[in-house]
Amino acid sequence: MPKKVNKISRSLLSWYDREARDLPWRKFGKDKQDPYKVWISEIMLQQTTVSAVIPYFNAFIKKWPTNKELSQASLSEIQRAWSGLGYYSRARNLFECSIIINSRFNNNFPESEKELLKLPGIGAYTAAAISAIAFNNRSVVIDGNIKRVISRLFLLKKPIKSNYNEIWRFTNLVTPDIRVGDFVQALMDLGSQICKPSKPLCESCPLILECDARKNNVELLIPKRIKKNTKPIRNGSAFVIKNNDCVLIYKRKTKGLLAGLDSFPTFGWDNQNDERLNFLKSLNTNKKISNIKHEFTHFTLNMEIYIIDESIAKNLNINIPDDFRWIPIESIENLSFSSLMMKIYKSYLNG
DNA sequence: AAAGCGTGGCG
DNA sequence: TCGCCAAGCTT
């Protein structure tokens, strides 16, 4: 086993030296890692593809090159920079974390996994990843890719969801004492480029001779997958309410779905029971312009889009809450819109 | 501890 | 088309 373990880390690192992707947050060789950039990239990459992250990362770093500058930004600015990327609580936690790093750590990230784990938005994976990649500590890093790679290398048959301890033991076993940051990134690169879930490119894999799943011809059966339940369908209504070339916008509640983001007034789909939106019930909904379908992780949304133009709005006896804002149409791109809201806006433009 | 939380791409 | 998937965290 020690021989196999040694071979794995050496083969993988030499593969990484040849094949590593040149990603904007990566430094190679003797270049020093910037913990701030490692942190931003790791938060953005949570459940998010590399190709989706790259443009957001570049814009983000351009706007806030250091933690000091980020900590002096406003939450809404950061939410706007996050607009469209998804999982928006990440932006809120990122800001809170930035303030802590500024005020308590003088803008220097703590180097230990244990300290990193205490920070908002940083869980087991991210703490280990920052520790390994930014500071080259020998942390055991486990993400979705690594779970799959390790399960195949050692023929671990239990579903990865219920096999954390065993996967940790084997990952610990293969993690080298040097070049830890390169090693964990190599494992993740291998998982995403070669040891893919459905069509692994075993013939190109530097670890093909060490892989127990491959030896037994079961690489496609590992890790074992559990089929998900079918997604429920929800229905809702969204309202583009016009007044003098402005549209009515409000900020969503600070907890739950699309928390704290700007939004058109909507109704009936998100379990928020926001009493500020009660006035929508008295609106005439005869003027529907379109339907929109939008997929969330855990439900499918069918949204009906209505236009309420000023001639109609004027004659209605509605009380619009104080914290709603009339936003000029042309400055709508300055808002922190989710992709759903952007979809509604585009539907309105085409409607 | 299981559920909630986004989005866009892909086969 | 539509289910699956992608460098998880929080409660």
Side-chain angles (χ1 to χ4, degrees), chain A residues 20-21 23-26 37-57 79 82-94 96-97 116-134 139-149 160-162 164 171 181 183-193 195-200 223 225-234 252-261 263 269-272 292-301 336-343:
Chain A
R21 290 172 290 174
L23 303 173
W25 48 87
R26 279 190 175 166
K37 292 181 183 172
V38 173
W39 167 60
I40 298 291
S41 69
E42 288 302 337
I43 301 298
M44 286 186 171
L45 285 163
Q46 289 167 3
Q47 298 291 284
T48 309
T49 57
V50 165
S51 61
V53 165
I54 287 174
Y56 283 86
F57 177 84
Q79 286 172 321
W82 211 268
S83 171
L85 193 57
Y87 286 143
Y88 297 96
S89 67
R90 293 184 293 175
R92 185 177 297 268
N93 287 330
L94 192 82
E96 286 177 22
C97 184
L116 288 162
L117 194 51
K118 294 179 187 168
L119 297 166
I122 297 184
Y125 161 74
T126 306
I130 294 173
S131 165
I133 297 170
S139 294
V140 177
V141 178
I142 300 176
D143 81 316
N145 289 307
I146 295 177
K147 285 177 184 170
R148 182 175 59 258
V149 173
I160 50 178
K161 207 177 166 193
S162 57
Y164 187 84
T171 309
F183 177 78
V184 305
Q185 292 181 91
L187 264 186
M188 292 191 280
D189 266 22
L190 189 80
S192 67
Q193 308 295 107
C195 194
K196 300 187 287 183
S198 58
K199 288 186 177 174
R225 304 185 198 195
I226 301 167
K227 59 182 168 192
K228 291 171 186 167
N229 298 330
T230 54
K231 276 199 282 191
I233 296 175
R234 297 188 195 172
R252 292 175 57 80
K253 289 184 172 179
T254 54
K255 288 195 191 315
L257 194 63
L258 306 177
L261 297 192
S263 174
W269 61 283
D270 58 5
N271 298 330
Q272 291 245 317
I292 277 184
K293 185 175 180 179
H294 190 77
E295 301 284 351
F296 287 90
T297 308
H298 51 300
F299 65 92
T300 295
L301 172 63
S336 60
F337 261 11
S338 61
S339 289
L340 169 63
M341 290 307 142
M342 202 49 83
K343 233 183 241 186

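Here is the naming used below: chain letters follow the sequence lines, and residue numbers restart at 1 for every chain. Everything numeric in this text was worked out from a predicted model, so none of it was measured.
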Partner of A:Asp270 by side chain to side chain contact (heavy atoms under 4.5 Å, CB included), out of A:Leu301, A:Leu258, A:Leu257:
A:Leu257

Between [N] and [M], how many Å separate the two [atom1] atoms, rounded to a whole number?
| N | M | atom1 | answer |
| --- | --- | --- | --- |
| C:dA6 | B:dC5 | P | 22 Å |
| C:dC4 | B:dA3 | P | 16 Å |
| B:dG8 | C:dC9 | P | 22 Å |

Roughly, in whole Å, what's the span from [atom1] in [X] to [atom2] in [N]?
| X | N | atom1 | atom2 | answer |
| --- | --- | --- | --- | --- |
| A:Met342 | B:dG8 | CE | C1' | 15 Å |
| A:Phe299 | B:dA3 | CZ | C1' | 13 Å |
| A:Met44 | B:dG8 | CE | C1' | 16 Å |
| A:Gln79 | B:dG6 | CD | C1' | 14 Å |
| A:Arg92 | C:dG8 | CZ | C1' | 18 Å |
| A:Phe296 | C:dC2 | CZ | P | 18 Å |
| A:Lys227 | C:dC5 | NZ | P | 13 Å |
| A:Ile54 | B:dG9 | CD1 | P | 13 Å |

Treating [X] as the side-chain partner and [Y] as the backbone partner, does any N or O pair qualify as donor plus acceptor under 3.5 Å?
| X | Y | answer |
| --- | --- | --- |
| A:Tyr56 | A:Ser83 | yes |
| A:Lys253 | A:Gln272 | yes |
| A:Lys231 | A:Phe296 | yes |

Base, sugar-phosphate, or nothing: which does [X] touch, judged by heavy atoms less than 4.0 Å apart?
| X | result |
| --- | --- |
| A:Arg26 | base |
| A:Leu23 | base |
| A:Arg252 | nothing |
| A:Leu85 | base |
| A:Trp25 | base |
| A:Ala124 | sugar-phosphate |
| A:Ser198 | nothing |
| A:Gln185 | nothing |
| A:Gly84 | sugar-phosphate |

Answer yes or no: does a side-chain N or O of [X] lie under 4.0 Å from OP1 or OP2 of [N]?
| X | N | result |
| --- | --- | --- |
| A:Gln47 | C:dG8 | yes |
| A:Thr48 | C:dA6 | no |
| A:His298 | B:dC5 | yes |
| A:Arg90 | B:dG6 | no |
| A:Thr297 | B:dG4 | no |
| A:Lys293 | C:dC2 | yes |
| A:His294 | B:dG6 | no |
| A:Tyr87 | C:dA6 | no |
| A:Thr126 | C:dC9 | yes |

Separation between CZ (A:Phe57) and CG (A:Leu85), nearest 0.5 Å, reads 12.5 Å

Can you see whether A:Arg90 engages A:Thr48 through a side-chain donor-acceptor pair at a distance of less than 3.5 angstrom?
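There is such a pair between these side chains.
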
Check the side chains of A:Gln46 and A:Tyr125 for a donor-acceptor pair under 3.5 angstrom, ignoring hydrogens and angles.
no

Look at the side chain of [X] and decide which nucleotide, out of [options], has an atom nearest to it.
| X | options | result |
| --- | --- | --- |
| A:Asn93 | C:dC4, B:dT7, C:dT10 | C:dT10 |
| A:Arg225 | C:dG8, C:dC4, B:dG11 | C:dC4 |
| A:Lys228 | C:dC5, B:dG8, C:dC9 | C:dC5 |

By nearest-nucleotide position on DNA chain C, the 5'-leaning member of A:Leu119 and A:Ser41 is A:Ser41

Comparing A:Leu45 with A:Lys255, nearest DNA chain C nucleotide closer to 5' gives the residue A:Leu45

Find which nucleotide of DNA chain B each of A:Leu258 and A:Ser51 is nearest to by heavy atoms, and output the residue with the more 5' nucleotide.
A:Leu258

Does NZ in A:Lys161 sit with more than 12 non-hydrogen atoms of other residues, nucleotides or ligands closer than 6.0 Å?
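No, because the 6.0 Å sphere around NZ of A:Lys161 holds 12 heavy atoms or fewer from other groups.
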
